[in-house]
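This report concerns only the one structure given below.
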Amino acid sequence: MYSPEKDGEVLLKGIKMDRKKTVLVSGGAGYIGSHTSVELINAGYDVVVIDNLSNSEKDSIEGIKRITGKNVPFEIVDTCDQEALKKVFEKYEFDSVIHFAAYKAVGESMAEPLKYYTNNLISFMNIVEMMKKYNRPNILFSSSATVYGEAEILPVTEETPRQAPTSPYGNTKQMSEDILRDCCRAYAVLHGIALRYFNPIGAHPSALIGELPRGVPNNLVPFVTQTAAGIRECLSVFGNDYDTPDGTCLRDYIDIVDLAKAHVAAVNRMVAGKMEDKYEIFNIGTGNPVSVLELLTTFEEVNQLKLPYKIVERRPGDVTAVWADTAKANNILGWKAERTLGETLKSAWEWEKRIRKI
Ligand code: NAD
Ligand code: WQD
């Protein structure tokens, strides 16, 4: 006879959910969360999305449904609101949480540090608190290569010492990593993985979901696609006098679908009980340094267009170069970036064209 207890399944409003195979995705309407939800569903997981839509649109949930053909329970919830979060934990059964919900604009965090400390830390601590209270064992946290700052030795491994944070945003990532480490140590139920993303770019090949920055983009690729679309007049390249082969900064640009798949690999590891430590960290990048000018040239080549750009002063706070040593993610998660830079930049342009109706 079917036994929810024995089979680890619960019946929820007529939907049968297996708690081991169900993931709560906070911030799942956002750029990385929506792509990760798609890949989780493709891998056989059920996904519950919560988001307060402070930096996203509900359309992305429709996009997830259209790509996967699956229903996705979605609730508008602010993760800083403990009572609302409690209801989510009481309503749905899941063993794993991926916590994306955070503000992410480095410049804004300098101007409004309290906004960042409040949202990013309270939201994260609330999630961890609920997981402890409701015995939910697995949490995946969105960290960032920003923790490495200007590293002395490249590529950076997970053992490379973190540098003092240069922005409140970066500080919330370091503090959240430390909170997670301490909580995993202290609370028997809790297992955590921090994924340190390098520079996520591109869009889903369907062009149904992608990055949707509000206002003037801070990041390179959305600025490039908006310039190509004629929304911005000219791209400013921030400095060509760095100590790099062509004088522009080097970064590790990771395709968004590859990044999403890294989350699936990490959730698989947690769900299978394969973690060697209760708290683990993985770099998620390609391992290939790419300069700003190389990225621009590739964008022009694959999309057959010319991009107006000019060289301007360096942007304060930019590091010269950072890219990942990906051996740990490759060997332990069994994950590797697959899409080429050209494929990714093509997808970024296809997405921009679709949303601008070009
Ligand atoms: P995003 O802004 O597109 O997605 C974040 C989502 O969280 C948004 O939909 C937003 O509405 C939601 N959100 C924010 N605060 C919330 C709250 N209090 N309650 C509920 N929802 C809330 O950003 P993204 O690029 O998808 O980033 C996801 C995560 O990855 C963030 O934690 C970010 O710091 C981290 N990260 C991003 C990058 C990057 O370059 N995109 C790099 C490294 C790390
Ligand atoms: C990439 C390169 C710029 C815009 C930021 C955050 C980091 C992480 C990812 C969240 C740099 C150059 C950019 C432009 C340019 N986010 N550039 N003209 O700075 O590596 O990282 O996003 O965790 O924390 O700091 O990414 O896309 O802003 O810049 O020349 O208009 O492109 O100087 O070399 P960055 P980016």
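Please read all numbers here as calculations on a predicted model, not as lab measurements. Ligands are counted one by one from 1 in listed order, and the atoms in each one are counted from 1 as well. Note that the numbering runs from 1 along the sequence shown for the chain.
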Ligand 2 contact on Leu220 by region, counting heavy-atom pairs under 4.0 Å: both
Six-ring centre of Phe89, Lys133 cation under 6.0 angstrom, axis tolerance 45°: no
Side chain, backbone, both or neither: the part of Asn199 lying under 4.0 Å from ligand 2 by heavy atom: side chain
Distance filter under 4.0 Å to Ser54 heavy atoms, resulting ligand 1 atoms: 10 (C), 11 (O), 13 (N), 14 (C), 15 (N)
Shortest protein heavy-atom distance from atom 3 (O) of ligand 1, along with the residue and atom involved: Tyr31 N, 2.9 Å
Distance from atom 2 (O) of ligand 1 to nearest protein heavy atom, with residue and atom: Asn55 ND2, 2.7 Å
Atoms in ligand 2 with a heavy atom of Cys249 nearer than 4.0 Å: 34 (O)
Selected option - heavy-atom contact closest to atom 18 (N) of ligand 2, from Ser144, Ser143, Pro200, Ser236: Ser236
Residue pair Thr326 / Asn330, side-chain donor-acceptor N/O under 3.5 Å: yes
Closest approach of any protein heavy atom to atom 10 (C) of ligand 2, naming residue and atom: Tyr169 OH, 3.0 Å
Tyr92-Glu75 side chain donor-acceptor pair, cut-off 3.5 Å: yes
Distance-only polar pair, side chains of Tyr197 and Ser142, donor-acceptor under 3.5 Å: yes
Which residue and heavy atom of the protein sit nearest atom 8 (C) of ligand 1, plus the separation: Asp51 OD2, 3.5 Å
Atoms in ligand 1 flagged as close to Ser56, the criterion being non-hydrogen separation under 4.0 Å: 8 (C), 9 (O), 11 (O)
Closest approach of any protein heavy atom to atom 6 (C) of ligand 2, naming residue and atom: Val106 CG2, 3.8 Å
Flag for Glu108-Tyr169: side-chain donor and acceptor within less than 3.5 Å: no
Where ligand 1 meets Leu53 - atom numbers and elements under 4.0 angstrom, heavy-atom basis: 11 (O)
Atom 37 (C) of ligand 1 - nearest protein heavy atom and its distance: Ile32 CD1, 3.7 Å
Taking atom 13 (N) of ligand 1 as the reference point, the nearest protein heavy atom with its distance: Asn52 OD1, 3.4 Å
Shortest protein heavy-atom distance from atom 24 (O) of ligand 2, along with the residue and atom involved: Thr146 CB, 3.4 Å
NZ or CZ of Arg251 within 45° of Phe198 ring axis and under 6.0 Å: no
Those atoms of ligand 1 less than 4.0 Å from some heavy atom in Ser142: 29 (C), 30 (O), 32 (O), 35 (C)
Residues Lys346 and Glu343 bridged, charged N to O under 4.0 Å: no
Contact check, His99 vs ligand 1, heavy-atom distance below 4.0 Å: no
Atoms of ligand 2, numbered as shown, that sit under 4.0 Å from any heavy atom of Asn218: 4 (C), 28 (O)
Contacting atoms of ligand 1, where contact means under 4.0 angstrom from a heavy atom of Ser143: 43 (C), 44 (C)
Whether Phe299 and Trp349 hold their rings parallel, tilted or perpendicular, with breakpoints at 30° and 60°: perpendicular
Selection from Val224, Val292, Asn219 by shortest heavy-atom distance to atom 12 (C) of ligand 2: Val292
Val237: numbered ligand 2 atoms lying under 4.0 Å from its heavy atoms: 30 (O)
Closest protein heavy atom (residue, atom, distance) for atom 40 (O) of ligand 1: Pro200 CD, 3.3 Å
Worked check of salt bridge (Lys or Arg N to Asp or Glu O under 4.0 Å) between Asp258 and Lys261: CA-CA 5 Å; Asp258 282 336; Lys261 288 179 177 168; 5.1 Å; no
Qualifying residue, where the test is side-chain contact (heavy atoms from CB on, under 4.5 Å) with Val72 and the options are Val38, Asp46, Val25, Ile41: Ile41
For atom 11 (C) of ligand 2, the protein heavy atom that lies nearest, with its residue and separation: Arg251 NH2, 3.9 Å
Contact with ligand 2 for Lys104, non-hydrogen, under 4.0 angstrom: no
Nitrogen or oxygen of Gly30 less than 3.5 angstrom from that of ligand 1: yes
Backbone or side-chain N or O of Ser123 under 3.5 Å from ligand 1 N or O: no
Ligand-residue contact atoms, ligand 1 with Ala102, heavy atoms, under 4.0 Å: 5 (C), 7 (O), 14 (C), 15 (N), 32 (O)
Trace of the side chain to side chain contact (heavy atoms under 4.5 Å, CB included) decision for Met275 with Ile193: CA-CA 9 Å; Met275 287 176 70; Ile193 293 183; 3.7 Å; yes
Nearest-contact summary for atom 24 (P) of ligand 1 - protein heavy atom, Å: Lys104 NZ, 3.7 Å
Residue part near ligand 2, for Tyr197, under 4.0 Å between non-hydrogen atoms: neither
Nearest neighbour of atom 2 (C) of ligand 2 from the list Phe238, Tyr253, Tyr309, on a heavy-atom basis: Tyr253
Check: Phe100 N/O within less than 3.5 Å of ligand 1 N/O: yes
Ring centers of His263, Phe100 separated by less than 6.0 Å: yes
Ligand-side contact atoms (ligand 1) for residue partner Tyr169, heavy atom cut-off under 4.0 Å: 33 (C), 34 (O), 35 (C), 36 (N), 44 (C)
Path from Leu212 to Ile209 over hydrophobic side-chain contacts below 4.5 Å: no
Taking atom 33 (O) of ligand 2 as the reference point, the nearest protein heavy atom with its distance: Asp318 OD2, 2.6 Å
Non-hydrogen atoms of Leu295 and Leu345 that approach each other most closely: O-CD1, 3.6 Å
Numbered atoms and elements of ligand 1 in range of Val77, under 4.0 angstrom, heavy atoms: 19 (N), 20 (C)
Atom 15 (N) of ligand 1: the protein heavy-atom neighbour that sits closest, reported with distance to 0.1 Å: Asn119 ND2, 3.1 Å
N or O contact, Lys173 vs ligand 1, cut-off under 3.5 Å: yes
For atom 29 (O) of ligand 2, closest protein heavy-atom neighbour: Arg315 NH2, 3.4 Å
